[in-house]
> 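The structure's right below; bear with me while I get my questions together.
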Amino acid sequence: MSNEEPGPSDSASVDIDSSQDFDVDLDDVVLEDEEEENQGLFDDLLSGEPIFENKEVLRPSYTPHELPHRKEQINKMATILVAALRGETPSNILIYGKTGTGKTASAKFVSQELESTSQKYRVPCDVEYINCEVTDTQYRVLAQLANKFIEENERLIDEWLADLRELRESALEDTSAFDDADFDSIDAVDDRIAELEADKAEFETVPMTGWPTDRVYSVFFDAVDYHERVVVIMLDEIDKLVEKSGDDTLYNLSRMNSELANSRVSIMGISNDLKFTDFLDPRVKSSLGEEEIVFPPYDANQLRDILQHRSDVAFKADALTDDVIPLCAAFAAQEHGDARRALDLLRTAGELAERDQSELVDEDHVRQAQDKIELDRVVEVVRTLPTQSKIVLFSIILLEKNGVHNVNTGEVYNIYKRLCEEIDADVLTQRRVTDLISELDMLGIVNAVVVSKGRYGRTKEISLSVPIEETEAVLLSDSRLGDIEDVQPFVQARFDN
DNA sequence: ACTCCACAGGAAGCGAGGGAAA
DNA sequence: TTTCCCTCGCTTCCTGTGGAGT
C-alpha cells in the first residue's frame, strides 16, 4: 500500500510538467510568428450562441440514470438478480432485442445498482461485462475474465492486508483489539498476512495468446473461486460469440457452478438475434435460457419521449423547433425503433445547425443529418476495408458504372483478376472472393442475392447499395488502388469476351 | 422427368504470425 | 533454441441446388 503512493503521483507530476513545457514553447512560437492571423480563429466560432448545453448525454456511450419505457424489463432483471444479494445463485438470463432498444443500457444500469447495493450490505457480488463482438473466441473471453478477476482479487487482498496490518499495529499496543477479530495472537495475524502475500504472488495474468485454452480456464476458475462471492457475467452480443466459435464457452461457463466450492456464477446473455439459441447444445440452451427478457422496439411515441428527456439536458432552452424531435423519432422508428439512431440524428442535427451558425435546429438540419450519418458510416467502413475487399468492391463499381447492373460472381471475379494483375496484388481464389462479397453484403455496402438462372446456373446477383461516386473516391484514395489510371480496358475486356 | 449450369457455401487443413514454456 | 498453442486469411476439395432447357 504505502509504496504505491509515491509511484503514481510521481509520474503524474512529471507528465504535467512536461506538458506545461510543451505548451509554453508552442505559445512562444505562435506569438512570434502568427499572432494576428490566429487571433479570432476560434473567436468567431465561440461567439455564435452555442446550441448545446451538454452534448455528452446524446452520445451512445452515455448511460442514463433513467430509462423511459423500460421499467418492466428492469424490474424483471432486478427480481432475478436480487438472489445474488442473498448469496444465492441468480438464474441465468437471456435478453433479446434489436439494436438500440436499450438492452445494454438497462443491463448496465441494473448491474451498477446491484454492485452498489452489494457494497452497501457488504455482500460480495461482482458483475463483469464482456462485449463478444470484440472478444469473440473462447480463449479471449476466458482470458479477459481471468484477468479481471485476478485484478479484483489483488485489490481485495490489498484491502485485507491493510486491515490486518492496522489490526496488528493496534494489537501491539493493546491486545483487546483481538476481541472482535478472528485472530487471537500476533503470530496468527502474521501467518495470515504471509498466506495472503503468497496467494498474491501466485497470481499470473493470462497473455493475449500462447496458452492452451484449458489452462486459461483453470486460471479463470481459480480466480473466481478464490473467495466466497456471486459473480454475474454479462455477455453482450452473445450471438456473435456463438456464431464465431460455437457454444463451448457457454457450456463451460454454465457447468462451472457444479465445481465451484466458494463462489457462484450466473450468466446474463444479451443478443440481437432471437433465434441464436437454435444453434446451441440443448443442455446449454436450457440452462442459459432459464429466464428470458424481450426488449421490443420503441415506437415513435416512446422515441419522442426519450428524445424529449435527453434534449432537455442536452440543448439550451428553445434551441429546437417543434418538429425536430417528432421527425427524429419518425426516422428512427422506421429503422426498427432504434433509439441510438434517434439520438445520433438529434446530435448530428444540432452539430449541423451549430456549423451553420444557426440559433435554431430545424427540420432541415434533421434531414441533412440523416444523409450525413449514412454517408459517414459508409465512408468509414469503405476506408477501413482490407485491400482485397477494396479491389473486389472496385470491380463491382466498375461494372456498375458501365451500366451493368445485377452483376454475378463470375463477372466480378474476372474484373477482379485483371485489377489484381494491374496493381500487382495477390490473386485470391474465387471461393475466397465469394466470401469477401458476402462480407460486403453484411456490411451493407452491396446487396447480394442468390438467384437461380436455370440452365445458366446459380449465382449471386450483386448490386451496389451505396452512392457510387463517393465510394469510388474513397477507394481511389487508397495508395494501392490509386495507381489504377485507365479503367476502361478492364470493363471493355468484358464485352469482348 | 431429367439434365446440367455456375456457382454457393461447408469442411478440413495449411502456413504464417502472434506469443509462452521448457 | 525448440516445441507448443491459438488465430487469421486463405486454399483445396467437396457436396448441394433452383429451374431453363431438353
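Proteins get letters first, then strands, A, B, ... in listed order; numbering begins at 1 in each.
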> Quick one: label A:Val449 by what it contacts on the DNA or RNA (base, sugar-phosphate, nothing), any heavy atom closer than 4.0 Å.
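A:Val449: no heavy atom of the nucleic acid under 4.0 Å.
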> Among the nucleotides C:dC8, B:dA8, C:dG21, which one has an atom lying closest to any side-chain atom of A:Thr434?
B:dA8
> Please state whether the rings of A:Phe221 and A:Tyr217 are parallel, tilted or perpendicular, taking 30° and 60° as the class boundaries.
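Tilted.
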> Would a line drawn from the ring center of A:Tyr226 to the ring center of A:Phe149 be shorter than 6.0 Å?
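Centroid distance A:Tyr226-A:Phe149: not below 6.0 Å, so no.
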> Between protein and nucleotides 13-16 of chain C, what N or O pairs are separated by less than 3.5 Å?
none

> Looking only at side-chain N and O atoms, does A:Thr213 come under 4.0 Å of OP1 or OP2 in C:dC6?
yes
> Would you call A:Arg70 and A:Tyr298 a side-chain contact if the rule is heavy atoms closer than 4.5 Å?
yes
> Please check the phosphate of B:dA6 (OP1 and OP2 only) for any side-chain N or O of A:Asn408 closer than 4.0 Å.
no
> Atom CG of A:Asn414 to atom P of B:dC7: distance rounded to whole Å?
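Distance, rounded to whole Å: 8 Å.
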> How many whole angstroms separate atom NZ of A:Lys460 from atom C1' of B:dA8?
7 Å
> Identify which nucleotide among C:dT7, C:dG18, B:dG9 has an atom closest to any side-chain atom of A:Ser452, counting heavy atoms from C-beta outward.
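It is C:dG18.
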> State, without any angle test, whether A:Asn447 and A:Ser463 hold a side-chain donor-acceptor pair at a distance under 3.5 Å.
no
> Could you check how far CG of A:Asp214 sits from C1' of C:dC5, rounded to whole Å?
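After rounding, the reported distance stands at 10 Å.
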> B:dG9 C1' sits how many Å from A:Arg432 CZ, rounded?
13 Å
> Looking at the side chain of A:Pro212, which of C:dC5, B:dC7, B:dC4 is the nearest nucleotide?
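Selected nucleotide (nearest to the side chain): C:dC5.
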> For B:dA21, does OP1 or OP2 lie under 4.0 Å from any side-chain N or O of A:Trp211?
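Result: yes.
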> Charged N to carboxylate O under 4.0 angstrom, A:Arg431 versus A:Asp435?
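A salt bridge links A:Arg431 with A:Asp435.
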> Do A:Lys103 and A:Asn272 have a side chain donor and acceptor closer than 3.5 Å?
yes
> End-to-end bend of the helix from B:dA1-C:dT22 to B:dA22-C:dT1 (five-pair axes, 10° rounding)?
30°
> Tell me: CG of A:Leu385 to C1' of C:dG9, nearest whole Å?
15 Å
> Judged by modelled atom types alone, do A:Lys460 and A:Ser438 share a side-chain donor-acceptor pair under 3.5 Å?
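Yes - a donor-acceptor pair under 3.5 Å links their side chains.
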> Using whole Å, report how far CD1 of A:Ile391 lies from P of C:dC10.
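Atom-to-atom, A:Ile391 to C:dC10, this comes out as 10 Å.
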> Looking at the base of B:dG18, is there any donor atom on it, or on the side chain of A:Thr209, that sits under 3.5 Å from an acceptor on the other one?
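Such a pair exists between side chain and base.
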> From the set C:dC6, C:dC8, B:dC7, return the single nucleotide nearest to any side-chain atom of A:Tyr139.
C:dC6
> Rounding to an integer number of Å, can you tell me how far A:Arg215 CZ sits from B:dG19 C1'?
12 Å
> When you check the phosphate oxygens OP1 and OP2 of B:dA6, does a side-chain N or O of A:Thr409 lie under 4.0 Å from one of them?
no
> With rounding to the nearest 0.5 angstrom, report the CD to OG1 distance, A:Glu237 to A:Thr135.
11.0 Å
> Mind calculating the distance between CG (A:Leu142) and P (C:dC5) to the nearest angstrom?
17 Å
> Does C:dT11 have OP1 or OP2 under 4.0 Å away from a side-chain N or O of A:Thr429?
yes
> Output the distance between atom CD1 (A:Ile80) and atom CD (A:Glu290), rounded to the nearest 0.5 Å.
9.5 Å
> Give the nucleotide from the list C:dT11, B:dG9, B:dT3 with an atom nearest to the side chain of A:Leu428.
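Ranking C:dT11, B:dG9, B:dT3 by closest atom to the A:Leu428 side chain puts C:dT11 first.
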> For the side-chain contact (heavy atoms from CB on, under 4.5 Å) test, which of A:Ile468, A:Ile445, A:Val412, A:Thr471 pairs with A:Ile396?
A:Val412
